[in-house]
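Below, read A as the first sequence line, B as the second, and so on, with proteins coming before strands; counting in each chain starts at 1.
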Amino acid sequence: MNNDSQSRQDQVRVRFAPSPTGYLHLGGARTALYNWLWARKTGGVFLLRIEDTDTERSTQESLQEILDGLTWLGLDWDEGPSLQTENVPRHVEAAEKLLKSGHAYRCFCTKEELESQRAAAVENKVAFMYDGRCRNLSDGEVQEKLALGMPYVVRFGVPRDPSFSVAFEDAVYGRVEKKGQDIEDFVILRSDGRPLYILSNAVDDASDRITHVIRGADGIANTPKQVLVYRALGITPPTFAHMPLTLDNKKAKLSKRKHGEVVTIAYYRSHGFIPWALCNFLALLGWSSADGKEFFTREELVEAFDLQRINRSNSIFNYVPGDAKNWTDPKAIHFNATYIRTMPLEELVPYVEEELKAEGLWQDSYAADERDWFFKTLDLIRARFHTLKDFSTRGRCYFSDAYEFEEKAVKKNLSDPILGDLLPELADRLEALPQFVHDPIEDVFRSYADRKGVKAGLLINAVRTAVSGTSVGPGLFEMLETLGKGRVVSRLRGIGDRLTPAKLENEEAVTG
RNA sequence: GGUCCCAUCGUCUAGAGGCCUAGGACACCGCCCUCUCACGGCGGAGACACCGGUUCGAAACCGGUUGGGACUGCCA
């Protein structure tokens, strides 16, 4: 019992706190992942808090997409999602407390005044920082302005002792210290009374009893301000762990506006990624395991993950626009392909089922009478696939007779005129086989090639293209066995009109 | 402009002063395997940004330079 309450007190509590103003993107997912990993590793709690205080930009669709994305990735949360807007009264209360304790003050400067000051500073290339003029207003002056109904914001009054500085120990970056004189008297409450991020975030982290704030390094700059808020409120700040940012190949921030859908999680879902493959890839952007291992099951990654092994330098998401083969970071594709190729079949099957259903290629028998055939087929074809999409595109010929013929493949493998005579005869011989399995099929090909004085390769490649439409794929004899006698024979017999340009012309002449 | 952070192959990274003529992964190239394409195996090319200092010894520590990034909102 005692132990329980003790451990509850020490229990790690982390959160993912996105603002629902856009899509769940790679950076956000990685932040969520690191938090989730830390919670799972420590037996802690992972909570989800939606920071929707920017009411102008927050949308329901965005929130839904974030939730869907996290669910798809398998990053389950233990508490929430809570909405930050519901906590606004608590934030305002904190601001009032700070006002009373003298840590904050009312500032009556208008936006316009500040903006012109800022513009002038930029023009003169000098640092702009609010000069704190309202800080020295007497009680009488404040009352007077309030009586006049003048709008005001609430600013945090940073101690102005020249020797004052704030410091915190970052779990990734080490000690971070900032001089008080380099910190502006920042706004914590807008003139309409709504709280701002620095305040809300700190107050919510405190009331959510967050122990570790794991977030992007872009948050490091305002962490000293938040530490100031915590202290003024008499709260012990959480441990901060800032993770390096992920940038594009020009070292610019990843954004949907600039890079398009490729930075959104939804894109990977719709383009045939295994969710865990994406997580595994993302984990390695800014973190590495001590033993150099790269592929992890969830359990293994939870076990191996450690805040201390998070990098300090930004990483680059190696996406090159316009590269058809590498439509996203090549290493991400490699991870996905490796998962597809090596994961337990029973785990892969549901993903493929979903894909085939979406493309109208699914048969209920695949889960019943033909289950064994289905598993065997997936096992045969998955080795060459990069995404789940490949099962419905490149793998189409295994599930449907309506597969495409690649022009290049037809030209390469079906252009020899002799095939017009060979293929139908070969079909007859295959049809006559009592056992339509690998070795007998191969015997038919080899002996028929011998008899006709052609290379077996000619027949093999021609048949591959005839039954699948492409020039690449698994070993032909296993492929034919999987396809089954009926399909193979009918496809070979139906191939006539695709055979040679000469033959095509003849047929046209006859018809015309 | 100011404050802060970062700096190893094209990319992700290992590296806590001698284990480094710098290791792994992806991508690339070659060879092998082979009915094609993958997989796999073997091999190749490919990096410590620069300059100083500390030290017997520096990729590692210190300083500077350069480069990059973050922040600099009554956004989050």
request  = Answer with base, sugar-phosphate or nothing: what part of the nucleic acid does A/Ser471 contact at a heavy-atom distance below 4.0 Å?
outcome  = base
request  = Look at all strands and tell whether A/Pro151 reaches a base, only sugar-phosphate, or nothing, counting heavy atoms closer than 4.0 Å.
outcome  = nothing
key: Rounded P spacing from B/rC28 to B/rC37 in Å   = 15 Å
ask   = Can A/Asp205 and A/Arg49 be counted as an ion pair, charged N to O under 4.0 angstrom?
value = yes
Rounded P spacing from B/rC51 to B/rG73 in Å = 39 Å
query = Are side-chain N/O atoms of A/Thr55 and A/Arg194 paired as donor and acceptor at under 3.5 Å?
reply = yes
task = Report which part of the nucleic acid A/Arg309 touches: base, sugar-phosphate, or nothing (heavy-atom distance under 4.0 Å, all strands).
result = sugar-phosphate
ask   = If the C1' atom of B/rG63 is compared with that of B/rA22, how far apart are they to the nearest Å?
value = 25 Å
remark   = A/Ile316 atom CD1 is separated from B/rC9 atom P, nearest whole Å, by 10 Å
key: Span that lies between the P atom of B/rG18 and that of B/rG64, in whole angstrom   = 25 Å
query = What does A/Ala456 touch in the nucleic acid at a heavy-atom separation under 4.0 angstrom: a base, only the sugar-phosphate, or nothing?
reply = nothing
key: Pairwise C1' distance for B/rA27 and B/rC74, with rounding to whole Å   = 48 Å
task = For A/Ile333 and B/rU11, give me the distance from atom CD1 to atom P, rounded to whole Å.
result = 18 Å
request  = Quick one: look up who B/rA14 pairs with, Watson-Crick or G-U, both distances under 3.5 Å, and put none if it's unpaired.
outcome  = none
query = Going by distance alone, is a donor N or O of one side chain under 3.5 Å from an acceptor N or O of the other, for A/Asn222 and A/Tyr197?
reply = no
Under-4.0 Å side-chain N/O to phosphate OP1/OP2 contact, A/Ser288 with B/rA14 = yes
task = Sort out the partner of B/rC48 for me: Watson-Crick or G-U wobble, both distances under 3.5 Å, none otherwise.
result = none
query = Between A/Thr85 and A/Asp52, is any side-chain donor less than 3.5 angstrom from a side-chain acceptor?
reply = yes
task = Pick the C1' atom in B/rU8 and in B/rA25, then give their distance to the nearest Å.
result = 15 Å
request  = Once you apply the 3.5 Å cut-off to both distances, tell me the Watson-Crick or G-U wobble partner of B/rC74, or none.
outcome  = none
remark   = Protein-proximity profile, nucleotides 66-76 of chain B, B/S/- by nucleotide at the 4.0 Å heavy-atom cutoff, equals --SSSS-SBBB
ask   = Is there a donor-acceptor pair closer than 3.5 Å between any side-chain N or O of A/Tyr319 and the backbone N or O of A/Asp248?
value = no
inquiry  = Categorize A/Gly475 for me: base, sugar-phosphate, or nothing, with a 4.0 angstrom heavy-atom threshold over every strand shown.
reply    = base
note = Of the listed B/rU11, B/rC12, B/rC35, the closest approach to the A/Arg446 side chain comes from B/rC35
Selection from B/rU11, B/rA25, B/rC35 that lies nearest to any side-chain heavy atom of A/Glu294 = B/rA25
message = Please classify the nucleic acid contact of A/Arg464 as base, sugar-phosphate, or nothing, using heavy-atom distances under 4.0 Å.
response = base
d(CZ, A/Arg312; C1', B/rA16) in whole Å = 10 Å
ask   = Expressed in angstrom and rounded to an integer, what is the separation of A/Asp329 atom CG from B/rA25 atom P?
value = 17 Å
Rounded distance (Å) that lies between atom P of B/rU13 and atom CG of A/Leu282 = 12 Å
task = For B/rA59 versus B/rU34, give the span between their C1' atoms, rounded off to a whole number of Å.
result = 44 Å
task = Determine whether any donor atom in the side chain of A/Arg384 lies under 3.5 Å from an acceptor atom in the base of B/rC37, or the reverse, and answer yes or no.
result = yes
Nearest-angstrom distance, P atom, B/rC20 to B/rG53 = 27 Å
key: Base paired to B/rC61 (Watson-Crick or G-U; both N/O distances under 3.5 angstrom)   = B/rG53
task = Could you tell me the separation between the NE2 atom of A/His438 and the P atom of B/rC35, rounded to a whole number of Å?
result = 11 Å
note = Closest to the 5' end of RNA chain B, once A/Ile460 and A/His386 are matched to their nearest nucleotides, is A/Ile460
Nucleotide opposite B/rC42 in a Watson-Crick or G-U pair, distances under 3.5 Å = B/rG30
request  = Measure from the side-chain N and O atoms of A/Asp291 to the backbone N and O of A/Lys293, and report whether any donor-acceptor pair falls under 3.5 Å.
outcome  = yes
request  = Mind checking A/Phe317 for me? I need base, sugar-phosphate or nothing, with any heavy atom below 4.0 Å counting as a touch.
outcome  = nothing
ask   = Going by the angle between their ring planes, with limits at 30° and 60°, are A/Phe186 and A/Phe156 parallel, tilted or perpendicular?
value = parallel
key: A/Tyr130 and A/Tyr105 aromatic ring geometry - parallel, tilted or perpendicular at 30°/60° bounds   = parallel
request  = Using a 4.0 Å heavy-atom cut-off across all strands, classify A/Lys325 as base, sugar-phosphate, or nothing.
outcome  = sugar-phosphate
ask   = Does any N or O in the side chain of A/Ser165 come within less than 3.5 Å of the main-chain N or O of A/Lys179, such that one atom is a donor and the other an acceptor?
value = no
message = Quick check on RNA chain B: between A/Arg175 and A/Phe295, whose nearest nucleotide comes earlier from the 5' end?
response = A/Arg175
ask   = Which is true for A/Lys331 with a 4.0 Å heavy-atom rule: it touches a base, it touches only sugar-phosphate, or it touches nothing?
value = base
query = Looking for any heavy atom pair under 4.0 Å, which part of the strands does A/Gly473 touch: base, sugar-phosphate only, or nothing?
reply = base
note = Across every strand shown, the nucleotide meeting Watson-Crick or G-U wobble geometry with B/rG67 (both distances under 3.5 Å) is B/rC6
ask   = Going by an N to O cut-off under 4.0 Å, is there a salt bridge joining A/Asp131 and A/Arg133?
value = yes
Axial cation check for A/Tyr34 ring with A/Arg30, 6.0 Å and 45° limits = yes
task = Give the rounded distance in Å between these two atoms: CD1 of A/Ile340 and P of B/rC39.
result = 14 Å
query = Looking at A/Lys179, does any N or O in its side chain come under 4.0 Å of the phosphate oxygens OP1/OP2 on B/rG2?
reply = no
request  = Measure from CG on A/Asp170 to C1' on B/rC4 and round the result to the nearest Å.
outcome  = 12 Å
